[in-house]
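Let me begin by presenting the structure, written as structure tokens, before commenting on it.
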Amino acid sequence: MSNNQDFFKRVHAVAKQIPVGRVTSYGAIAKYLGAAKSARIVGYAMNASHGDLSIPAHRVVNRLGLLSGKHHFDGTNLMQQLLESEGVVVKDNKVQNFEDIFWNPTQEL
DNA sequence: CCCGTGACTTCCG
DNA sequence: ACGGAAGCCACGG
């Protein structure tokens, strides 16, 4: 049993469950998975999920609602474009009403 | 096996 | 309130 590999799959599974128009943070996912200290690994997992189009990595931001991962997308503002296309208001790489549209897996799931 | 890096978070000064 | 440093886990070289 490779929990390490499962962690990635779990992160991907949670990311897929993020409702449209909602966003979450790496720490929230990590905490939900029982590894609150592995928030960084969540980001790493998202990097691996970059190849899976069914995983909305653009809905995952840091705890401040900043598009910390936008730099990893194809374009420079692709992440923001995707979010805005889903109804999420983004301004200056920051998600507006972040706490309002925040999707907490531990609470919602 | 050791070191460096990273889409984070929290604590200390 | 702000900035810097450390902690954290996994992966690649």
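Letters go in sequence order (proteins before strands), and every chain restarts at 1. Source: prediction; values computed, not measured.
The two residues A/Val61 and A/Leu66 come nearest to each other via the heavy atoms CB-O, 3.3 Å. Nearest heavy-atom pair across A/His50 and A/Phe73 is NE2-CA, 4.4 Å. In terms of heavy atoms, A/Met46 sits closest to A/Ala15 at CE-CB, 4.1 Å. Closest approach of A/Asn62 and A/Tyr26 over heavy atoms only: N-CE1, 3.4 Å.
Annotation: C/dG7 and B/dC3 have their P atoms spaced 16 Å apart (nearest Å). C/dA6 and B/dG4 are spaced 14 Å apart, taking the P atom of each and rounding to whole Å.
A/Ser38 places no side-chain N or O within 3.5 Å of a backbone atom of A/Ala30 that could act as its donor or acceptor partner. With A/Ser49 contributing its side chain and A/Asp52 its backbone, the two residues share no donor-acceptor pair below 3.5 Å. Between the side chain of A/Lys70 and the backbone N or O of A/Thr76 there is at least one donor-acceptor pair closer than 3.5 Å.
Distance, A/Lys31 NZ to C/dC8 C1': 16 Å, rounded to whole Å. To the nearest angstrom, P of B/dG6 lies 8 Å from NE2 of A/His72. Residue A/Leu33 contributes atom CG, which lies 19 Å from atom P of C/dC8 at whole-angstrom precision.
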Summary of protein contacts for nucleotides 8-13 of chain B, nucleotide by nucleotide, where a base hit scores B, a sugar-phosphate-only hit scores S (4.0 Å, heavy atoms):
BSB---

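Among the heavy atoms of the strands lying under 4.0 Å from A/Ala57 is at least one base atom, whether or not backbone atoms are also near. Here A/His71 lies out of heavy-atom contact (under 4.0 Å) with every strand.
Between the CD1 atom of A/Ile18 and the CG atom of A/Leu109 there is a distance of 10.5 Å, given to the nearest 0.5 Å.
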What protein N or O atoms touch nucleotides 11-13 of chain C N or O atoms at under 3.5 angstrom, if any, and at what distances?
{"residue": "C/dC11", "atom": "O4'", "partner": "A/Tyr44", "partner atom": "OH", "Å": "3.3"}

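With a cut-off of 3.5 Å on both Watson-Crick or G-U wobble distances, the partner of C/dA10 is given as B/dT5.
The only member of A/Glu84, A/His58, A/His71, A/Arg59 that meets side-chain contact (heavy atoms from CB on, under 4.5 Å) when paired with A/Met79 is A/His58.
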